[in-house]
Amino acid sequence: MGYTCTLVYNFSLLPSRLATSTFQNARVLNLEAVQREEISRPLVTMSQIRIPHVLTVAGSDSGAGAGIQADLKACAARGVYCSTVITAVTAQNTVGVQGVNIVPEDFVREQLGSVLSDMHPDVVKTGMLPSTGIVKILSQSLREFPVRALVVDPVMVSTSGDVLAGPSILDSFREELLPMADIVTPNLKEASALLGGIPLETVADMRSAAKSIHDIGARNVLVKGGDLAASSDAVDVLFDGKDFYEFRSSRIKTRNTHGTGCTLASSIAAELARGSSLFFAVKTAKRYVETALDYSKDILIGNGCQGPFDHMMKLKNNDMKLSGHRPFDPNDLLLYAVTDPRMNKKWGRSITDAVKAAVEGGATIVQLREKDADTRDFLEAAKSCLEICRRHGVPLLINDRADIALACDADGVHVGQSDMPARVVRTLLGPDKIIGVSCKTPKQAQVAWIEGADYIGCGGVYPTNTKENNITVGLDGLKNVCLASKLPVVAIGGIGISNAQPVMELGVPSLKGVAVVSALFDRESVLRETQNLRRVLLDSITTATAK
Ligand SMILES: Nc1ncnc2c1ncn2[C@@H]1O[C@H](COP(=O)(O)OP(=O)(O)O)[C@@H](O)[C@H]1O
Ligand SMILES: Cc1ncc(COP(=O)(O)O)c(N)n1
Ligand SMILES: [Mg+2]
């Protein structure tokens, strides 16, 4: 590990790479402007960093639940680079393994040479090694190019019961690989096979098997109990030559356990590559598998009885079908409702009642602005508001609190000039979420665009008492910002039914709508006020297009 050389990095290119796919035009414009050098281009020098690297030597699973594909996903999820030497290609799905095509030995050697001689992985993890010849080639290559640690998952039979490496492999495992291994991770069947077929039925059996396999030569042995019958938890036993450790997690009730073994071994390898101790690596990897299974327990991929799971733990939140979730549309800014806790208190409304009325009245986007709420109460309120908004296909944003947005999977975050920078919020929230920034000047609008925001809020347009000491920019200031902004703009500050029309008729294409607080929420009927304002806005759009 260490610093190897220096490169010059152009940060102004970052936003174009991070720009959301939902606002394609912004991305194109952004690049063009960079090419025309309209933007100041701060050049920053950074040292290149060597990142932790695992090489997996394993078989491909066409269903992508196990094998190479599981290893890649597990390493990616754990923030570690993963290179791949493929030993066999399997035709495999959630039903079982339909075919195996072993990669010629010379070509396995060539792949190993390519990666080991150039890329210097920290840790090698092995999975399916389908022939004695391949095991021999691997051990030769590792002697030629030693690595910091070797994790051996002695894959023999898939969870579906199909043979991936026959019993002929056992001798070469015992003689060639185990003596080089820092840790070997057999499941019950594999541990039994390595020990000549002894039955393993209890945790006590697992302990004595771990000890016997240690005697064969592996420095540490982890016997996995995923398949331990009649066990209400998932117990794995580690023996380090001196002590036994039991790692227990809850047993997740799910069909989606295909690839757990590969994932556990590559996560152990990933943690070792990151510099963890072996004990900590096993503990973290086991916790990761348990969490990923829990996240994925209800996902449905394939019709067989062994489903894959979601290594990135994202699919659970992927409720596109429920929400009609769609990319950000600048026209969503038309009637932008911003909640206010004081007004809700004054009128005796809960935040959810307020949001429900605004959405039913025709608000096109909602922002929860709860400056003083307790975090836990705010999160609960945000979750129920999100349900309401999703039902109506209306995006829900959170003011300032990226943590709340992440915790409830809201559609985005709106930040002010003294909040977290948009660039940091984008890194936290990822490319799909909506990010808005409050801007008063063309310069701030420019920065928001560079930092990867999706829209800007500009104001106060009219004087207001919602925000103390807020400078009013007026219609002229708004127009200036809109003309300079490459992002869509929503106008904010003292706007209501009586004065929305001149705002909407400013005649600048980037101005997409108005954001309102008091005009909706400091009123007796939020529903009626929203309906009325919506009518005014739609009328002024019709007038503007007729002109
Ligand atoms: N249903 C489950 N709930 C929680 N953890 C599980 C479950 N099934 C397997 N595991 C864990 O997944 C890892 C892989 O175990 P196992 O399924 O026994 O290996 P293999 O996939 O090689 O057969 C182990 O840490 C095991 O405890
Ligand atoms: C290519 C390949 N490698 C390994 C496994 C074992 O995974 P599991 O025990 O979860 O079926 C597999 N099924 N396929
Ligand atoms: Mg399994």
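Keep in mind that what you see is a predicted model, and the values were worked out from it rather than measured. This chain uses plain numbering: 1 for the first residue, then up along the sequence. Remember, it's 1-based here, ligands and their atoms both numbered in the order they're listed.
The ligand atoms of ligand 1 that sit less than 4.0 angstrom from a heavy atom of Ala234 are 4 (C), 5 (N), 6 (C), 27 (O). Below 4.0 Å from some heavy atom of Gly261 lie the following atoms of ligand 1, by number and element: 14 (C), 19 (O), 20 (P), 21 (O), 22 (O). Near Ser250, with a cut-off below 4.0 Å to any heavy atom, the atoms of ligand 1 are 3 (N), 4 (C). Residue-ligand proximity, Asp236 to ligand 1, at heavy-atom distances under 4.0 Å covers atoms 24 (C), 25 (O), 26 (C), 27 (O). Less than 4.0 angstrom separates some heavy atom of Lys286 from each of these atoms of ligand 1: 25 (O), 26 (C), 27 (O). Interface atoms of ligand 1 facing Asp227, defined by a heavy-atom separation under 4.0 Å, are 18 (O), 23 (O).
Here Leu293 has side-chain heavy atoms under 4.0 Å from ligand 1, and that is the only part of it that gets that close. The backbone and the side chain of Thr260 each have at least one atom closer than 4.0 Å to an atom of ligand 1 (non-hydrogen atoms only). Here Leu264 has side-chain heavy atoms under 4.0 Å from ligand 1, and that is the only part of it that gets that close.
For the side chain to side chain donor-acceptor pair (under 3.5 Å) test, no residue two or more places apart in sequence or in another chain qualifies with Glu144. Remark: Lys286 engages Asp236 in a salt bridge (Lys or Arg N to Asp or Glu O under 4.0 Å) (not counting sequence neighbours).
Looking at Asp409 and Lys314, no side-chain N of the basic residue comes within less than 4.0 Å of a carboxylate O on the acidic one, giving no salt bridge. A salt bridge links Arg174 and Asp171; the closest N-O separation between the charged side-chain nitrogens and carboxylate oxygens is under 4.0 Å.
Residues Ser266 and Arg78 bring no donor and acceptor atom of their side chains to less than 3.5 Å of each other.
With atom 18 (O) of ligand 1 as the reference point, the heavy atom nearest to it among Gly226, Ser267, Ser158, Ser249 is part of Gly226. Among His258, Gln92, Glu190, Gln69, the residue whose heavy atom lies nearest to atom 14 (N) of ligand 2 is Gln92.
Within the structure, ligand 1 lacks Glu290 among the residues with a heavy atom less than 4.0 angstrom away.
Looking at ligand 2, you'll find an N or O of Gly259 within less than 3.5 Å of one of its N or O atoms.
For the atom pair Ile137 CD1 and Asp106 CG, the distance stands at 6.5 Å (nearest 0.5 Å).
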